[in-house]
Enquirer: 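There's a structure below that I have some questions on.
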Amino acid sequence: MKFRKVLVSFCCVLSLMSVLKTFASKKQDPRPNILVILCDDLGYADVGFNGSPDIITPEMDKLAKNGVVFTSAYVAHSFCGPSRAALMTGRYPHQVGTPFNLHSNSSENDADNMGVPVKEMFMSEVLQKAGYYTSALGKWHLGAAPKFHPNKRGFDNFYGFLGGGHNYFPSVYQKQYANQVKSGVKVIRDYIQPLEHNNKEIKETEYITDALSREAVNDIHTACKKKKPFFMYLAYNAPHVPLEAKKEDMEVFSHIQDKNRRTYAGMVYAVDRGVGKIVAALKETKQLDNTVIIFLSDNGGNFDHGANNDPLKGTKGDSWEGGYRVPMFVHWPSKIKGGKQFDYPVSALDFYPTFVALANTKVPENKVLAGKNIMDAVLANTDVHKDEMLYSLRYRHGFSEVGARKGDWKVTRMGNEPWLLFNITKDKGEKQNLGGRYPERLKAMVKETENWTKTFIHPLWYYSAKDEELWEAGKMPQFEETFEVSKLIKKASKN
Ligand code: CA
């Protein structure tokens, strides 16, 4: 009896110690969870919180309303791969050798140089080393060879696909894949290949957007059991092509006549449903208050596939605002009071230093970052990039397209056309060229942009054989012509 009493007391002490330990560890680790929800090719005007006239996103809107909406959020490139490389490395894609997309054929992507160089430490690795539980869900597109795999780049958990996109209905694409395997097709497009979970092939059964939301919910529960803060990179491939939506999601948008637009709307709605489930999981685990949720798109919407970037000009791939200015909000109840709008420019390049600060850790030695920690500026509503340029540059055949913004001003060179200058605060649609009125301002901004290109390195790969041929022949990137303004400014002044 006495022994039993002692045992009971001993167990009580043990459980009390365990409670105290948990309390202490929680107390010692007040760092927030970080959840990045990235959409693919989502238009500026295709979410309720940016005033979409025909697409509803009630779950995102609730978060946006209780957080801060960014009206001038930029990504570092106007299409997928380079934009994601910038987000992960904190550097412009041209500075790490990755200004082109990877191919859609996985066998060609297995080559050793086809991925963002491992010497560029991803922010996931920094957070993992700082004690975060890290997971990447969805689209990768940063290298398919083993050394570039998410599990090797700072993610404890990966569920998704390594390529640049994916079909959405497993019952359809799995049949196509099986048929191609059966017929001996050597290079099978990665859009129909099986999904994977930490290098293990998975037979997914759900519509892909729902599958990724499900995995996010599961992972929030997993993270909580680990009693560590988590970093989750949830990279939906929606609403990127192929345009494939669930019937019930399309029915929500029966008022939209155009079938592409209706399908696209259904795809966005599926993401929104997922956001609702994720928020419910964060509430259930009591993590919502101390989770920094950042929602954005990897580049602008594509006009040809149902997107709308109003009131911005241009489409995915452009250096007009519509190519690389994206919908974005941040939600963090324990620090950010809701109902705010942040109009100063910010960049996805800012995430790296911002997350490093949130995790109370350090930027790796010798790492040169292009962005800044924005959290204090967001809280104080001040311009963190005052007197600094934010750039977009895309190589085209025969010329380079450029956008560069500093404060209220932006210089743009689109197509093989003259340089233009806009007051981008007043003229979001880039309609009124002021280059003729302020030639010195235009010249100075172009010069500063040209200086920025001196930090670039040679591309590590090309998207097409044509790109490589032109580059090797000295016809890309043609910066001398791109930044030659003396003739072009005269033309601009006629406007
Ligand atoms: Ca994209």
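For reference, positions follow the sequence shown, starting with 1. Predicted model, so just to flag it, every value in this text is computed and none were measured. In each ligand, atom 1 is the first atom listed, and ligand 1 is the first ligand listed.
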Enquirer: Taking the cut-offs as 6.0 angstrom to the six-membered ring centre and 45 degrees off its axis, would you call Arg189 and Tyr191 a cation-pi pair?
Expert: yes

Enquirer: Under 3.0 Å from the Ca ion (ligand 1), which protein atoms of type N, O or S occur, listed by chain and number?
Expert: Asp40 OD1, Asp41 OD1, Cys80 SG, Asp298 OD1, Asp298 OD2, Asn299 OD1

Enquirer: Listed by chain and number, what are the side-chain hydrogen bond (donor to acceptor under 3.5 Å, both in side chains) partners of Glu248, not counting sequence neighbours?
Expert: none

Enquirer: Can a donor-acceptor pair be found, under 3.5 Å and without considering hydrogens, that links the side chain of Thr315 to the backbone of Gly301?
Expert: yes

Enquirer: Picking from Phe158, Phe161, Tyr159, what satisfies ring-ring contact (aromatic ring centres under 6.0 Å, His included) with His197?
Expert: Tyr159

Enquirer: Report yes or no: does Asp272 contribute a side-chain atom to a donor-acceptor pair with the main-chain N or O of Met60 at less than 3.5 Å?
Expert: yes

Enquirer: For the residue pair Asp40 and Lys139, establish whether any side-chain heavy-atom pair is separated by less than 4.5 Å.
Expert: yes

